[in-house]
Amino acid sequence: MAIASRLSAVRSVLGLGKAARSEPRVPLARVPSSIAIIMDGNGRWARAHGLPTGAGHRAGARALKQIVRRAGDLGVRDLTVFSFSTENWNRPKDEVDDLMVLFSEMIDREVPELHAEGVQIRFIGRRDDLGSALRARIDDAESLTAGNGRLRLFIAMNYGGRQEILDAVTALAAQGITAPTDEQFRAALYGPDLADPELVIRTSGEQRLSNFLLWQSAYAELYFAPQMWPDFGADDLEDAIADYAGRERRFGGR
Ligand code: IPE
Ligand code: IPE
Ligand code: MG
């Protein structure tokens with residue numbers, strides 16, 4: 001036993017232990033450069049563990065950290081995560097209030113670390129309807145990390161795909177553009193430079209888009225994972241990417 005534990009100490013010093021990351025399973029060329037995730041199942045996870053819903057959302061926030069890190073390691077360029085939909089206001093007031101507090105706490109706690117890791121943070125959604133304190137944090141996080149280029153994390157907050165399309169139409173009309181080109185239309189979206197997701201992942205076994213990235217996901221590959229979001233780990237992300245890497249994309253051609 002003593003030898004085994006000494007060996008394991010040596011291995012971890014050398015970076016060979018459990019903590020060491022194994023070689024990526026998918027070659028970089030097959031890793032989608034833009035991935036979007038519908039982080040679903042926090043409520044059911046909490047219920048299954050006999051915990052209040054808020055505990056599920058907090059566990060979900062912790063899960064996100066591992067995913068962002070692994071996505072960066074794998075060479076993903078744009079990662080978009082669905083944090084709060086325009087329809088989520090229909091939840092009980094207590095839950096919504098708690099989520100808004102959690103979002104502010106998360107920004108305060110995680111942004112400095114993400115910044116140090118070279119992550120650029122962006123928000124997509126109708127930010128005017130968020131409280132002024134949260135809005136200020138969003139603006140600060142975006143300006144602090146604007147120069148980072150390792151991974152761009154787009155956080156969809158108070159986001160709805162239909163609302164985004166309607167807002168784009170309104171913005172274009174204000175510019176006098178009534179028959180936009182594809183390029184002009186994209187420029188009016190919340191994240192004009194966000195690359196169309198090649199892979200959209202939804203956890204918790206639900207198989208729908210729930211108003212997420214409707215324009216951008218036109219040709220996305222969809223992947224439905226059975227795990228509740230708090231249980232979705234970095235290796236599960238690699239499973240999704242490996243599945244994607246084995247698919248043939250045709251875009252309507254032959
Ligand atoms: C996703 O988890 C988080 C948000 C929508 C904010 P849910 O809270 O939707 O979890 P379920 O679907 O109730 O299990
Ligand atoms: C989608 O999940 C929104 C987020 C993950 C933030 P929901 O739980 O709100 O979606 P539905 O109601 O099951 O379609
Ligand atoms: Mg849900």
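Please read all numbers here as calculations on a predicted model, not as lab measurements. Order of listing sets the numbers, starting from 1, for every ligand and every atom in it.
Inspection of the environment of the Mg ion (ligand 3) yields the following protein N, O or S atoms under 2.8 Å: Asp40 OD1.
In this structure the side chain of Val68 never reaches within 4.5 angstrom of the side chain of Glu110, judged on heavy atoms.
Residue contact annotation: His57 has a non-hydrogen atom under 4.0 Å from ligand 1.
Of the possible polar contacts, one joining the Arg135 side chain to the Asp128 backbone as a donor-acceptor pair under 3.5 Å is found. The main-chain N or O of Gly160 is never found under 3.5 Å from a side-chain atom of Asn211 such that the two would form a donor-acceptor pair. Although no hydrogens or angles enter the test, the distance criterion places a donor-acceptor pair under 3.5 Å between the side chain of Glu198 and the main chain of Ser34.
Heavy atoms from other residues, nucleotides or ligands lying under 6.0 Å from CZ of Arg162 number 12 at most. Within 6.0 Å of CZ on Arg249 lie more than 12 heavy atoms contributed by other residues, nucleotides or ligands.
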With side-chain hydrogen bond (donor to acceptor under 3.5 Å, both in side chains) as the test, would you mind laying out the steps for Asp167 and Tyr190 before giving the verdict?
CA-CA 9 Å; Asp167 285 350; Tyr190 297 142; 2.6 Å; yes
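One hydrophobic cluster, built from ILVMFWY side chains closer than 4.5 Å, cannot hold both Leu194 and Val119; they sit in different ones.
A salt bridge links Asp243 to Arg247: at least one charged side-chain nitrogen sits closer than 4.0 Å to a carboxylate oxygen. In this structure, Arg150 does not pair ionically with Glu117, as no charged nitrogen and carboxylate oxygen lie closer than 4.0 Å.
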List below, pair by pair, the N or O atoms of ligand 2 and of the protein that are less than 3.5 Å apart, including the distance to 0.1 Å; reply 'none' if no pair qualifies.
residue, atom, partner, partner atom, Å
ligand 2, 8 (O), Asp40, OD1, 3.2
ligand 2, 8 (O), Arg91, NH2, 3.2
ligand 2, 9 (O), Asn88, ND2, 2.9
ligand 2, 9 (O), Arg91, NH2, 3.4
ligand 2, 10 (O), Arg202, NH2, 3.2
ligand 2, 10 (O), Ser210, OG, 3.4
ligand 2, 13 (O), Arg208, NH2, 2.8
ligand 2, 14 (O), Arg208, NE, 2.8
ligand 2, 14 (O), Ser210, OG, 2.6

